[in-house]
Amino acid sequence: MKRADFSQPSVVLCHNPDVCDLDVWHQYQGWILSGHTHGGQVRPPFLDPPILPVKNPAFSSGEIDLKDGRTLYINRAIGHLWQVRFNVRPEITLFELEKKG
């Protein structure tokens with residue numbers, strides 16, 4: 001990120017969303033696409049996933065505004081860490097990039 005040209009549009013692909021909490025982003029503003037969590041694979045109704053393979057419990061799945069010009073999207077994916085899924089549907093995400101202006 002130290003050598004990134006922030007005047008150019010960019011999207012960052014980052015497998016583990018925990019790196020979003022590190023101090024390496026140096027003025028990056030944009031989207032970060034991530035995975036790793038599989039949405040927790042098990043989500044009891046009205047509760048957070050009991051097991052997430054990340055340090056930050058806010059990073060389970062979906063779109064997360066990081067409040068500093070970055071938006072994190074965590075895809076639940078179609079695979080699994082453990083051979084079970086409950087209340088966490090597999091996901092393939094499609095993004096359409098559009099030119100501004």
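Values below: every heavy atom of this structure, side chains too, minus hydrogens, waters and symmetry copies. Position 1 is the first residue of the sequence; numbering continues from there.
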**OP:** Measure across Pro50 and Pro44 and return the closest heavy-atom pair with its distance rounded to 0.1 Å.
**Re:** CD-CD, 3.7 Å
**OP:** Check side-chain hydrogen bond (donor to acceptor under 3.5 Å, both in side chains) between Asp48 and all other residues, then give those that pass, not counting sequence neighbours.
**Re:** none
Original post:
What pairs with Asp18 under salt bridge (Lys or Arg N to Asp or Glu O under 4.0 Å), at least two apart in sequence or on another chain?
Top reply: none
**OP:** Using the salt bridge (charged side-chain N to carboxylate O under 4.0 Å, His left out) rule, collect all pairs that involve residues 60-69, keeping only residues at least two apart or in two chains.
**Re:** Asp68-Arg70
Original post:
Under a 4.5 Å cut-off applied to non-hydrogen side-chain atoms, are Phe86 and Pro45 in contact?
Top reply: yes
Original post:
Of all residues at least two apart in sequence or in a different chain, which pass the side-chain hydrogen bond (donor to acceptor under 3.5 Å, both in side chains) check with Asp5?
Top reply: Ser7
Show every donor-acceptor pair shorter than 3.5 Å between a side-chain atom in residues 51-62 and any protein atom, with sequence neighbours excluded, or say none if there are none.
from: Asn56; atom 1: OD1; to: Ala58; atom 2: N; distance (Å): 2.9
from: Asn56; atom 1: ND2; to: Asp21; atom 2: OD2; distance (Å): 2.9
from: Ser60; atom 1: OG; to: Arg43; atom 2: NH2; distance (Å): 3.0

Original post:
Any salt bridge (charged side-chain N to carboxylate O under 4.0 Å, His left out) pairs touching residues 74-93, not counting sequence neighbours?
Top reply: Arg76-Glu91
Original post:
Sequence neighbours excluded, which residues qualify as ring pair (Phe, Tyr, Trp, His ring centres under 6.0 Å) partners of Tyr28?
Top reply: Trp25
Original post:
How long is the gap from OG1 on Thr71 to CG on Leu66, to the nearest 0.5 Å?
Top reply: 7.0 Å
**OP:** Using ring pair (Phe, Tyr, Trp, His ring centres under 6.0 Å) as the criterion, list what pairs up with His15, not counting sequence neighbours.
**Re:** His36
Original post:
When clusters are formed from ILVMFWY side-chain contacts under 4.5 Å, directly or step by step, what else is grouped with Ile78?
Top reply: Ile92
Subject >> Closest approach of Cys20 to Leu72 (non-hydrogen atoms, all atoms of both residues) >> reply: SG-CD1, 3.8 Å
Original post:
How would you list, by chain and number, every residue that makes a side chain to side chain contact (heavy atoms under 4.5 Å, CB included) with Pro9, sequence neighbours excluded?
Top reply: none
Subject >> ILVMFWY cluster membership beyond Phe95 - transitive side-chain contacts under 4.5 angstrom >> reply: Val11, Leu13, Trp31, Leu33, Tyr73
**OP:** Taking all non-hydrogen atoms of both residues into account, name the closest pair between Ile74 and Gly35 and its distance.
**Re:** CG2-O, 3.6 Å
